[in-house]
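Order of the sequence lines fixes the chain letters, A, B, ..., with proteins taken first and strands second; residue numbering starts at 1 for each chain. These figures come from a predicted structure and were not determined experimentally. Just so you know, these numbers use all the heavy atoms, side chains as well, and skip hydrogens, waters and symmetry mates.
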Amino acid sequence: MTNSSFELIERKCGIAEFRLAHNGLSVLIAPTAVAPVATLGVVYRVGSKDEVAGHTGATHLLEHLMFKGTERFNRNRGTEIARVLQRLGANFNATTWLDRTNYYATVPIEHLETPADIEADRMRGALVRDEDLAKERSVVLNELDRGENEPFEVLLKGLFAHAFIEHPYHHPTIGWRGDVEAIQGETLRRFYDTFYQPDNATVIIAGDVEEKPALDLVMRYFGALDAGPGQRPQGAIREGRQRGERRFAVHRGGELGFIGCVWHIPEGLHPDIAPLSVAAQILSEGVVSRLSRRLVETGLCLGVHASAMESHDPGLFQVFVTLAPGVDHADVDEIIFEEVETMGQAVPEAGELARAKVQRRTDLAFQWESPARLVSALTEGVSMGDWRAFVDEIDTVASVQPEDVMRVCAQYLKPTNRTVGWFVPESGPEAGE
Amino acid sequence: MTQPLFDPGDRLLIAERVALHDFTGGGKLAVVANSHAPTVTIAGMLQGGTAMADDGRFAVPGVTARMLERGTNQYSRMALARELEDHGLQLDVRSSGSAPASVSFSVQGLAEELPRMVEILASVLRRPNFPEDELEKVRDRILGVLQHERQETSSVAFGQLTRMLYPVGHPLRRREIEVREAEVRAITREDLERFHARFYGGHSLVCALVGDVEQVDCPQVFGETLFGWGADSSEMPIVPQVLSKSPGRVDTEIPDRPNLDVYLGHTGNLSLGDADYSAAMLANSCLGQSTLTSRLGVAVRDEAGLTYGINSGFMGTLQIPGPWVTSLGVAPENLDRALVLCQEVIEDFLETGPQESELDDERHAWAGGYQVGLATNVGVAMELVKTLLSGQDIQRIDRFPQELLAVTRDQAMRALKRHIDPSRISISVAGTLSGSG
């Protein structure tokens with residue numbers, strides 16, 4: 001086969017997008033010759049939002065089972081995937097999130113064929129055996145327990161569960177414990193056959209590669225895969241409009257309190273996301289940010305973080321704080337709300353906007369310095385629905401006006417649209433008094 | 001047979017791309033130009049870490065390092081933050097975790113900001129003024145973090161293990177939280193000024209600059225600004241002798257923590273630069289470097305399904321050799337099984353050693369992984385600093401993969417027997433143990 005089987009979709013800012021005509025596989029090539037290494041990633045457009053009640057955690061469990069191998073790559077043959085990649089010195093892993101599952105490996109350039117071989121093989125050839133599920137289930141349950149040790153994770157899980165009532169962002173990516181304990185191999189195999197298909201995947205290659213050999217690589221290993229059935233369930237659930245503040249508290253063992261506040265915002269590709277990201281930076285990025293000055297510099301909190309989620313479906317604007325010992329949750333709540341409300345009442349200062357923009361420009365420059373970070377950024381773009389969101393970001397952020405920031409804050413960060421969660425420590429000085 | 005698609009080609013060795021500058025008084029600067037991205041990274045270390053506290057007040061070096069960003073003769077805390085954030089710069093200064101006698105620092109930004117980066121770094125390292133009000137803020141923050149640490153199973157378990165391994169007064173012994181709180185409460189501004197004046201200086205400064213710097217006259221930009229200062233001191237840390245102790249086990253109950261964190265380990269004696277360094281690292285890799293493929297990972301995670309993660313390693317091989325430890329997370333009901341299995345695997349491995357095929361996998365894994373680690377400017381900068389700090393020649397960076405590939409099974413076995421001893425392993429567990437056993 002030749003490269004003529006690839007259809008060029010678009011070139012933008014040094015990145016080229018192709019589609020393999022016969023099976024629908026998308027391909028992104030991003031040459032950056034910073035060092036003689038390259039990262040190959042595969043992102044499947046399936047995440048925990050594609051799970052249904054009773055099967056939560058299926059996407060993540062399947063990701064674990066994908067390392068158990070194929071007919072060619074498995075322990076019995078001494079070729080288990082992790083060992084083969086490890087031997088190359090690869091930095092590899094896989095992650096599952098709301099909208100996507102991704103697999104990646106960064107390797108010395110001369111070894112780039114091996115991750116391509118493995119990823120192509122397990123795209124349709126994974127064994128997904130019941131005996132592997134039995135062992136991996138307890139590994140995942142231990143991973144779930146580790147999350148329960150972390151107040152932040154506990155709070156995050158509660159915030160999504162309360163903010164989303166209808167939409168499947170409601171349930172945690174790792175799944176509800178009862179579902180993880182009960183899920184059957186047949187369910188995972190069905191999930192695999194539905195979503196792990198070339199036309200539901202994008203191969204991303206970044207690093208010290210030129211376009212032609214990179215496409216040859218994709219053709220050599222992914223070219224033999226047939227097109228999948230093409231039909232798969234499309235999530236159509238939209239979260240209903242929130243019409244009043246929601247609140248919850250988790251009382252657990254611990255020493256420090258945490259607060260999380262979230263507001264519904266549009267999907268990642270919506271034009272309002274750029275001004276919301278700038279608002280998040282003005283609120284919490286660096287020592288001079290508004291919430292840092294009000295909460296951290298005054299000793300009320302140990303840390304603060306705000307961000308605008310960039311997801312396929314409408315997401316959440318998030319503010320998290322860690323309280324200093326002895327500080328009341330309610331006092332800090334009020335300051336967060338006050339600062340957020342102020343953002344919607346007056347335009348930010350010119351210096352604040354300029355600072356947010358230069359920080360973004362620098363972040364993007366550092367992403368180009370690392371093939372792994374480049375693949376990661378493109379993965380999130382694909383998962384949102386358009387990889388170009390990554391390369392367009394510098395222009396979209398640069399074009400944000402002070403009025404845009406005020407408008408989106410007034411529009412979305414309203415009391416009736418927010419959910420507030422408290423992590424209240426049960427032991428330690430606060431609860432003991 | 002198909003032709004390989006990718007060839008690394010003839011590339012310049014890193015050592016050939018390094019411009020090394022020695023400064024009068026002892027400081028060193030290594031520069032590597034890389035114009036593929038418009039960024040620069042400065043990373044470095046200087047003497048002033050925890051191990052330099054010769055009076056047992058180990059909190060003083062850490063607070064000194066934290067206070068460097070809190071105000072200088074040129075900048076107030078807020079003015080410094082503004083200068084950094086207005087130009088997209090990231091500055092980090094802290095007591096080094098990997099080199100206990102050192103403070104590590106880094107500053108990253110766009111290449112056009114290099115002169116500003118150097119000027120800020122010099123101001124922060126050379127001319128801190130330790131404002132009283134900022135000291136109070138730092139003190140409160142550290143006390144808050146220590147409070148948080150009481151509930152962190154991993155910190156609690158590891159801290160307890162170090163107290164089982166190292167005597168009072170040893171810099172690698174993590175003191176009880178109450179002791180650390182008392183030390184932090186007692187620190188004065190004068191303590192910090194004294195410590196800074198005594199130890200900080202260009203004489204111990206090792207620094208790497210990597211990025212888009214081809215057109216920059218680095219000795220001129222860095223020279224007097226960053227290197228020409230400080231005490232002409234060459235004091236070395238005094239480290240109490242570690243006497244061999246009987247192994248023990250301590251369980252620490254922390255309510256409402258369903259995952260137990262477990263550390264098994266003993267004191268170590270492996271330093272970067274030792275003749276058997278590569279052999280020992282490779283032998284340990286076969287045992288526990290990877291949670292997916294090493295002996296411990298295969299037995300405890302993959303086959304028994306008892307843990308999400310298990311690893312073993314030498315914790316610190318610069319300046320003061322750290323302990324060798326195995327760490328894992330486990331549910332209370334699986335604790336006993338996991339501990340028995342770990343000890344069986346370790347003992348069996350010590351008895352039989354790695355198979356040639358395992359060792360060969362790890363040789364290649366390390367050699368390739370080393371190359372991957374040098375894929376970013378910050379990766380190259382950190383490796384240069386480590387090499388300079390350990391007193392090795394720069395060529396080591398290019399030579400190291402070959403050294404790894406040349407390690408024989410006999411060398412690995414000897415290193416294994418020398419550096420890992422199952423009979424000396426102590427155990428520390430933290431979490432909600434009420435369901436275990």
Nearest atoms (heavy-atom pairs only) where A:V288 meets B:A81: CG1-CB, 3.9 Å
B:M281 atom CE, over 12 foreign heavy atoms within 6.0 Å: yes
Pick from A:L85, A:T32, A:T106, A:T298 with the largest number of heavy-atom pairs that fall under 4.5 Å of chain B: A:T106
Interface residue of largest heavy-atom contact number with chain A, from B:R301, B:R363, B:R150, under 4.5 Å: B:R301
Closest-packed option against chain B by number of heavy-atom pairs under 4.5 Å, given A:Q359, A:H64, A:E352, A:R146: A:R146
Atom group of B:L374 that falls short of 4.5 Å from chain A, counting heavy atoms: backbone
Among A:L141, A:T322, A:V140, A:L88, residue most engaged with chain B (heavy-atom pairs, under 4.5 Å): A:L88
Under 4.5 Å from a heavy atom of chain B, the part of A:L302 involved: both
Residue A:V37 versus chain B: region with a heavy atom under 4.5 Å: side chain
Residue part contacting chain A, namely of B:T307, when any heavy atom lies under 4.5 Å: both
Expected output: side-chain A:E136 to main-chain B:G305 donor-acceptor under 3.5 Å: no
Side chain / backbone / both / neither for A:R75 at chain B, heavy atoms under 4.5 Å: side chain
Option that, when pairs with chain A are counted at under 4.5 Å, heavy atom only, ranks first among B:H87, B:H36, B:H364, B:E85: B:E85
Most contacts with chain A, counted as non-hydrogen pairs under 4.5 angstrom, among B:D261, B:D140, B:V145, B:N34: B:N34
For A:E148 against B:P258, the heavy-atom pair lying closest together: CB-CG, 3.6 Å
Contact winner vs chain A - B:I254, B:T376, B:N377, heavy-atom pairs under 4.5 Å: B:N377
Pairs of heavy atoms under 4.5 Å with chain A: top-ranked of B:G88, B:G309, B:P38: B:G88
Which portion of B:A367 sits near chain A, non-hydrogen atoms under 4.5 angstrom: neither
Atom group of B:E112 that falls short of 4.5 Å from chain A, counting heavy atoms: side chain
Side chain / backbone / both / neither for B:D361 at chain A, heavy atoms under 4.5 Å: both
Whether A:F258 and B:H148 hold their rings parallel, tilted or perpendicular, with breakpoints at 30° and 60°: perpendicular
Taking every non-hydrogen atom, the tightest pair across A:A82 and B:L292: CB-CB, 3.7 Å
Gap between atom CG of B:L110 and atom CZ of A:F366 - 0.5 Å precision: 7.0 Å
Residue A:E297 versus chain B: region with a heavy atom under 4.5 Å: both
Contact class of B:E303 relative to chain A, heavy atoms under 4.5 angstrom: both
Interatomic spacing from CG in A:L144 to CG in B:N259 - rounded to 0.5 Å: 10.5 Å
Non-hydrogen side-chain atoms of B:V372 and A:F92 separated by less than 4.5 Å: no
CA sep, side-chain torsions, deciding dist, call: A:K68, B:D302, salt bridge (charged side-chain N to carboxylate O under 4.0 Å, His left out): CA-CA 9 Å; A:K68 297 296 184 181; B:D302 210 44; 2.4 Å; yes
B:A365 backbone acceptor or donor facing A:R87 side chain under 3.5 Å: no
More than 12 heavy atoms of other groups within 6.0 Å of A:E181 CD: yes
Which residues share a ring-ring contact (aromatic ring centres under 6.0 Å, His included) with A:H111, sequence neighbours left out: none
Chain A contact via B:V138 - which portion, at a heavy-atom distance below 4.5 Å: neither
Distance-only polar pair, side chains of B:T39 and A:E369, donor-acceptor under 3.5 Å: yes
Region of B:S154 in contact with chain A, defined by heavy-atom distances below 4.5 Å: neither
Among the listed options B:L143, B:V298, B:L306, the residue most often paired with chain A at heavy-atom distances under 4.5 Å: B:V298
Interchain contact, B:V378 with chain A, by part (heavy-atom threshold 4.5 Å): backbone
Nearest heavy-atom neighbours spanning B:A331 and A:D145: CB-OD2, 4.0 Å
Under 4.5 Å from a heavy atom of chain B, the part of A:R360 involved: neither
Under 3.5 Å donor-acceptor, A:E143 side chain and B:Y308 backbone: no
A:A365, part contacting chain B, at a heavy-atom distance under 4.5 Å: both
Where A:P151 and B:Q151 come nearest, the two heavy atoms and their spacing: CG-NE2, 3.9 Å
Contacting region of B:R77 [heavy-atom separation from chain A under 4.5 Å]: side chain
Structural part of B:E113 lying under 4.5 Å from a heavy atom of chain A: neither
Interface moiety of A:V84 toward chain B, non-hydrogen atoms closer than 4.5 Å: neither
Heavy-atom closest pair, residues B:S290 and A:Q86: CB-NE2, 3.2 Å
